[in-house]
Amino acid sequence: MERLDKNTITVMGHLVLGYPTLAESIRTAEKYVEGGVAILELQIPFSHPTADGPVITAACQEAVERQHVSLSDCLGALQTIRNKYPQQEIMVMSYVNRVYAYGLKKFTEAMENLQIHHLIIPDLPVDDPHSSLIIHHSSLKLVPVLAANVSDTRLEKLLAMGFDFFYLMSDFKITGSTFSLHPRLQRVIERIKQHSPDIIIGIGFGISPPEQARSVADAADVAIIGSALIQAQQKGVLEKYLQEMIEIN
């Protein structure tokens, strides 16, 4: 995946399926695509999303506890989005509890049928033995979620495993917090690109105004945005926010 053109920033836009309702989350995904979001990161909501900050946590709780959105509901929403945008890059994000409660084989088969190629599970390390059940028994690729303090030894291990997308946390924090780029990130990025220039690197956690997305675009390939998009949706300015975020000049 490449930068769309010299005048745009490649954005990976996160949303919670089922928030504020299932139908509205589908419409939001459509707005993301029409607004130029290159990659949809669609989260299957979980009641205790440990990697997420207050905005996404509240969205997940609304979807699970009040909208009673099931994993099967999310698969139906994904099918609707896939049918409308057959070429759209989509990544699914969830937590290990939901995947295993649904059934690993059943879940991976559903992802394959939906032409989903990348899966983000923050609480399942990609080098954990359980991850091999996903990697070796489906066409899915897991996405490593790494912080700047990843050891050189572990980074080399992950590079040897053939992942084609790395999700880097901007700093040691949760989603939706204040933004900063940890000084060691550049070293991690350089090592990944040295191993293979074709590996796509996304940076997320805390990106809000356009200048922060631009700083990420200068350092990596993809700016990953979640909480700020949800807040823009809540304020009724999502389309305007996307335009300001993606267009550089």
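If you're wondering where the values come from, they're calculated on a predicted model, not measured in any experiment.
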- request: Indicate, with yes or no, if V237 and I230 share a hydrophobic cluster defined by side-chain heavy-atom contacts under 4.5 Å among Ile, Leu, Val, Met, Phe, Trp and Tyr.
  value: no
query: Roughly how far, to the nearest 0.5 Å, is OG1 of T10 from CD1 of I39?
result: 7.5 Å
- prompt: Heavy-atom distance under 4.5 Å between the side chains of I121 and V143, does that happen here?
  reply: no
query: Considering all heavy atoms of both residues, which atom of F163 and which atom of L142 are nearest to each other, and what is their separation?
result: CD2-O, 3.1 Å
Contacts table for residues 55-63: side-chain donor-acceptor under 3.5 angstrom, sequence neighbours left out:
unit_1, atom_1, unit_2, atom_2, d
T57, OG1, D52, O, 3.4
T57, OG1, G53, O, 2.8
E62, OE1, R66, NE, 2.6
E62, OE2, Q67, NE2, 3.3

- prompt: So, N113 and E109: side-chain donor and acceptor under 3.5 Å apart, yes or no?
  reply: no
statement: Distance col, row I192:CD1 vs L158:CG, nearest 0.5 angstrom, shows 8.5 Å
query: Say you draw a straight line from CD1 of I203 to CG of L146; how long is it, rounded to the nearest 0.5 Å?
result: 11.5 Å
- prompt: Heavy atoms, side chains only, cut-off 4.5 Å: are M111 and L114 in contact?
  reply: yes
Donor-acceptor under 3.5 Å (T80 side chain, G76 main chain): yes
Working for side chain to side chain contact (heavy atoms under 4.5 Å, CB included), residues Y167 and I120: CA-CA 9 Å; Y167 186 135; I120 303 169; 4.2 Å; yes
statement: On a heavy-atom basis, the closest approach of R82 and Q115 is NH2-O, 3.2 Å
message: Ignoring hydrogens and geometry beyond distance, is a side-chain donor-acceptor pair present between Q194 and R191 at under 3.5 Å?
response: yes
field: Note, V126 side chain near K157 side chain (heavy atom, < 4.5 Å)
entry: no
- line: One should read off an interatomic distance between M169 CE and N149 CG, to the nearest 0.5 angstrom, of 8.5 Å
field: Heavy-atom side-chain proximity of M91 to L40 below 4.5 angstrom
entry: no
Basic-acidic side-chain contact under 4.0 Å: R184, D152: yes
message: With clusters defined by side-chain heavy atoms of hydrophobic residues (ILVMFWY) lying less than 4.5 Å apart, directly or transitively, does L15 cluster with L22?
response: no
- request: Using atom types as modelled and distance alone, determine if a side-chain donor or acceptor of S25 lies under 3.5 Å from a backbone N or O of L17.
  value: no
- request: Look only at the side chain of K31 and the backbone of E239, and say whether a donor-acceptor pair between them is shorter than 3.5 Å.
  value: no
Any side-chain heavy-atom pair of F107 and L119 under 4.5 Å: yes
field: Stepwise side chain to side chain contact (heavy atoms under 4.5 Å, CB included) test for I90 and L78
entry: CA-CA 9 Å; I90 300 174; L78 282 162; 4.3 Å; yes
- request: Please name the pair of heavy atoms, one in V11 and one in I246, separated by the smallest distance, quoted to 0.1 Å.
  value: CG2-CG1, 3.7 Å
message: If the threshold is 4.0 Å, N to carboxylate O, is there a salt bridge linking R187 and E190?
response: no
statement: Here the gap from S151 atom OG to E156 atom CD, rounded to the nearest 0.5 Å, amounts to 9.5 Å
query: Does any N or O in the side chain of E41 come within less than 3.5 Å of the main-chain N or O of M93, such that one atom is a donor and the other an acceptor?
result: no
field: Non-hydrogen atoms of I207 and Y241 that approach each other most closely
entry: O-OH, 4.3 Å
- prompt: Can you find a heavy atom in the side chain of L75 that is under 4.5 Å from one in the side chain of Y102?
  reply: yes
- request: Give a yes or no answer on whether the side chain of H195 reaches the backbone of L159 with a donor-acceptor pair at less than 3.5 Å.
  value: yes
task: Go through the steps for I225 and M12 under the test side chain to side chain contact (heavy atoms under 4.5 Å, CB included), then give the verdict.
output: CA-CA 6 Å; I225 307 170; M12 177 166 157; over 6 Å; no
query: Between N83 (side chain) and Q79 (backbone), is there a donor-acceptor pair under 3.5 Å?
result: yes
statement: Of all heavy-atom pairs linking A220 and I189, the shortest is CB-CD1, 4.4 Å
- prompt: Looking only at side chains, do H68 and D73 share a donor and an acceptor under 3.5 Å apart?
  reply: no
- request: May I ask you to test the I81-E30 pair for a side-chain heavy-atom distance under 4.5 Å?
  value: no
- request: Check whether V37 and I9 end up in the same hydrophobic cluster, where Ile, Leu, Val, Met, Phe, Trp and Tyr are linked by side-chain heavy atoms less than 4.5 Å apart.
  value: yes
- prompt: Taking atom CD of Q186 and atom CG of L181, what is their separation to the nearest 0.5 Å?
  reply: 9.0 Å
- prompt: Is the backbone of F205 close enough, under 3.5 Å, to the side chain of S170 for a donor and an acceptor to pair up by distance?
  reply: yes
task: Kindly give the heavy-atom pair with the smallest separation between I44 and V92, and that separation in Å.
output: CD1-CG1, 3.8 Å
field: Side-chain heavy atoms of Y95 within contact of P122, under 4.5 Å
entry: yes
message: When you measure from the side chain of D123 to the backbone of V96, do you find a donor-acceptor pair of N or O atoms at a distance under 3.5 Å?
response: yes
task: Evaluate the side chain to side chain contact (heavy atoms under 4.5 Å, CB included) criterion for residues R154 and D127: first the C-alpha distance (whole Å), next the side-chain angles of each, then the deciding distance (0.1 Å), finally the verdict.
output: CA-CA 9 Å; R154 182 158 188 257; D127 47 347; 2.8 Å; yes
- prompt: Among the clusters formed by ILVMFWY side chains lying less than 4.5 Å apart, do V64 and F46 turn up in the same one?
  reply: no
- prompt: If only atom types and distance count, is the side chain of E24 paired as donor or acceptor with the main-chain N or O of P20 below 3.5 Å?
  reply: no
- request: Answer with yes or no whether the side chains of Y85 and E34 bring together a donor and an acceptor at under 3.5 Å.
  value: yes
message: Check for me, please, whether L229 and V216 land in the same ILVMFWY cluster - side-chain distances under 4.5 Å, paths through other members count.
response: yes
